[in-house]
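Proteins come first, then strands; the chains are lettered A, B, ... in the order of their sequence lines, and each starts at number 1. Owing to the predicted nature of the structure, the values given are computational and were not obtained by experimental measurement. As a basis for the values below, the full set of heavy atoms in this structure was taken, side chains included, without hydrogen atoms, waters or symmetry mates.
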Amino acid sequence: MTIQRPRGTRDFLPEETEKRGRAKKAMQDVLERWGYQEVATPTFEHLELFTIKSGASVVEEIYSFTDKGGRALALRPELTAPVMRMYVSELQNSPKPQRLWYFGNCFRYERPQRGRFREFWQMGCELIGGAKPDSEAEAIALADKMLKSVGVTGDIHVGYLGLIRTLLSKIEAEHRSSVMRMIDKKERGALAALLEDIGQSHLGILELIDLKGQSALDKAAEIVLDMEPSPVGETAPADAPAGAPASGRSSARQGRAVSSELRLEEFQETVDLLEAHGVNFTIDFEVVRGLEYYSGTVFEIYAEGLGAQRQICGGGTYELASLFGGKETSSTGFGLGFDRIMEIVQMEGSRTLPVFLAFTPDVKVQATKIARELRKSVPLVIDVMGRSLSAQLKAAASAGAKFVVIVGKDELDAGMLTMRDMSGGAQESLSLAEIEERLKKHFQDYDHA
RNA sequence: GCCGGGAUAGGGUAGUGGUUAUCCUGAGGGGCUGUGGAUCCCUCGAGCUGGGUUCGAAUCCCGGUCCCGGCCCCA
């Protein structure tokens, strides 16, 4: 009887591992081009780190355990908390902004289904200490570029929590979490009924979350004006006719002068900068990401072809440093669901197969020495199964090798080696140095192809 | 935590109470001890697991494990 894998875990065979490595590399290149530096944190942390961030309710989905010293530990369920913990304890006094990225496995005790595993990989970044709209635009544009680098096109939805939170503040505290949850769950009927019940239909929440794109932003501006105490008169409504696109931005900017907590103009700036970055996105106030520590712009990216788990990226601006005992520092970050991305990557495959060194059994020692020399410059494998020359060639051919270097008594006597091109069958007698030169060139060309 | 569908050699499969479990592919060896993916020969390799029914179970029944899809959740 064989031992099975634990539920929700996967083995990655060479082909799949190689593909994952290429995708990771492509996205890593983008991060590095944008000046982000890789960091790594422990696979397990104190359980408390995650309960502080996400509440006690997450414990049931965390792999947690008590170690031999009685410490409550947890396999990390995500990477933002560990990275921010690291920032607070070791990087607070380094220059801002800090641009950090990470890639690592995370663990959650959940029911596995398509695109959801108990061990999964997240790739993401945190831009710590920057100004909000600038950082937000950079983070979203970066996520967009990373996805494009592996041929994935996502639907980017950008929302703004400041507005929803302000609207919620008009609602009695006991109903706020219900409203938030209904927005998140897209429970329109229940939400309409609840707002009606508590006499808050006039706030425009329903209308707001139904609108997408520029019209949503126009509606937001309109709501902001309506909420104003209007100390200088009743001019606002005339200035902001509903549905007039051009008025949206100016209205939003007017909002700044009169509302200090809302800052819709900051969101407007994020939107403007995103356009400057050349990102295609949809304004969508339905994106709320339900979590307390998110403070400004939030965004999610969805992709087709993934079944029920369509979200491949989520992020936003948050305030976590102070939660972990540091100075208040606004950060923006996102996490990409690497496994889901792997299901839909569009990258051309290219595997570099090593050169095969085939030899007759009588010259094994000399062949080994030649292999040792050639390996200084090229990837090379040598038979370890005691096979005949014929069988070695057979193995090389079925493995798909492009070149085979043949060594036997004749070659050693002549001081030359035979190099066989497996695609055509042409053979040449060359010196070791010549072969080294040619193969080196072959692999260089291959890498650049 | 809930609902539904599954599990037969390394991979893909047939068989649905009754000899030695089908076929394809694969892997190892050989024909060919100095030259290939063809071909031929040989070999290896399987009914998830634990119970039950039965003279007899891969097949029927029950529990568990794992997989797939969906719900819930999703930091």
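- Pairs engaging residues 125-155 of chain A under the ring pair (Phe, Tyr, Trp, His ring centres under 6.0 Å) rule: none recorded [sequence neighbours left out].
- In this structure, a donor-acceptor pair under 3.5 Å is present between the side chains of Glu436(A) and Ser377(A).
- Of the nucleotides present, rA7(B) is the one that pairs with rU65(B) by Watson-Crick or G-U wobble criteria, both distances under 3.5 Å.
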Give each protein N/O atom lying under 3.5 Å from an N/O atom of nucleotides 68-72 of chain B, with the pair distance.
{"residue": "rC68(B)", "atom": "N4", "partner": "Arg111(A)", "partner atom": "NH2", "Å": "3.2"}
{"residue": "rG69(B)", "atom": "OP2", "partner": "Arg114(A)", "partner atom": "N", "Å": "2.8"}
{"residue": "rG69(B)", "atom": "O6", "partner": "Arg111(A)", "partner atom": "NH2", "Å": "2.9"}
{"residue": "rG70(B)", "atom": "OP1", "partner": "Ala308(A)", "partner atom": "N", "Å": "2.8"}
{"residue": "rC72(B)", "atom": "N4", "partner": "Gln113(A)", "partner atom": "OE1", "Å": "3.2"}
{"residue": "rC72(B)", "atom": "N4", "partner": "Arg116(A)", "partner atom": "NH1", "Å": "2.9"}

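- No side-chain donor-acceptor contact under 3.5 Å links Arg71(A) to the backbone of His46(A).
- For rG29(B), one of the phosphate oxygens OP1 or OP2 lies less than 4.0 angstrom from a side-chain nitrogen or oxygen of Arg387(A).
- Side-chain contact, Thr418(A) with Glu411(A): a donor N or O sits under 3.5 Å from an acceptor N or O.
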Are there any protein N/O atoms within less than 3.5 Å of an N/O atom in nucleotides 34-36 of chain B, and if so, which ones and at what distance?
{"residue": "rG34(B)", "atom": "O6", "partner": "Lys409(A)", "partner atom": "N", "Å": "2.7"}
{"residue": "rG34(B)", "atom": "O6", "partner": "Asp410(A)", "partner atom": "N", "Å": "2.5"}
{"residue": "rG34(B)", "atom": "O6", "partner": "Glu411(A)", "partner atom": "OE1", "Å": "3.4"}
{"residue": "rG34(B)", "atom": "N1", "partner": "Glu411(A)", "partner atom": "OE1", "Å": "2.6"}
{"residue": "rG34(B)", "atom": "N1", "partner": "Glu411(A)", "partner atom": "OE2", "Å": "3.4"}
{"residue": "rG34(B)", "atom": "N2", "partner": "Glu411(A)", "partner atom": "OE1", "Å": "3.4"}
{"residue": "rG34(B)", "atom": "N2", "partner": "Glu411(A)", "partner atom": "OE2", "Å": "2.6"}
{"residue": "rU35(B)", "atom": "O2", "partner": "Arg420(A)", "partner atom": "NH1", "Å": "3.2"}
{"residue": "rU35(B)", "atom": "O2", "partner": "Gln427(A)", "partner atom": "OE1", "Å": "2.8"}
{"residue": "rU35(B)", "atom": "N3", "partner": "Gln427(A)", "partner atom": "OE1", "Å": "2.8"}
{"residue": "rU35(B)", "atom": "N3", "partner": "Gln427(A)", "partner atom": "NE2", "Å": "3.4"}
{"residue": "rG36(B)", "atom": "N7", "partner": "Arg420(A)", "partner atom": "NE", "Å": "3.3"}
{"residue": "rG36(B)", "atom": "N7", "partner": "Arg420(A)", "partner atom": "NH2", "Å": "2.3"}
{"residue": "rG36(B)", "atom": "O6", "partner": "Arg420(A)", "partner atom": "NE", "Å": "3.3"}
{"residue": "rG36(B)", "atom": "O6", "partner": "Arg420(A)", "partner atom": "NH2", "Å": "2.8"}
{"residue": "rG36(B)", "atom": "O6", "partner": "Gly425(A)", "partner atom": "N", "Å": "3.3"}
{"residue": "rG36(B)", "atom": "N1", "partner": "Met422(A)", "partner atom": "O", "Å": "2.5"}
{"residue": "rG36(B)", "atom": "N2", "partner": "Met422(A)", "partner atom": "O", "Å": "2.8"}

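- Using a 4.0 Å heavy-atom distance criterion, Ser398(A) is classed as a base contact.
- Phe50(A) comes within 4.0 angstrom of nothing in the nucleic acid, heavy atoms only.
- Taking for each of Glu78(A) and Pro6(A) the nucleotide of RNA chain B with the nearest heavy atom, the 5'-most of the two is the partner of Pro6(A).
- Looking at heavy-atom distances under 4.0 Å, Glu61(A) makes contact with a base.
- Open room surrounds CD on Glu196(A); 12 or fewer heavy atoms of other groups in view lie less than 6.0 Å from it.
- Side-chain contact annotation: Glu126(A) with Tyr318(A), donor-acceptor N/O pair under 3.5 Å present.
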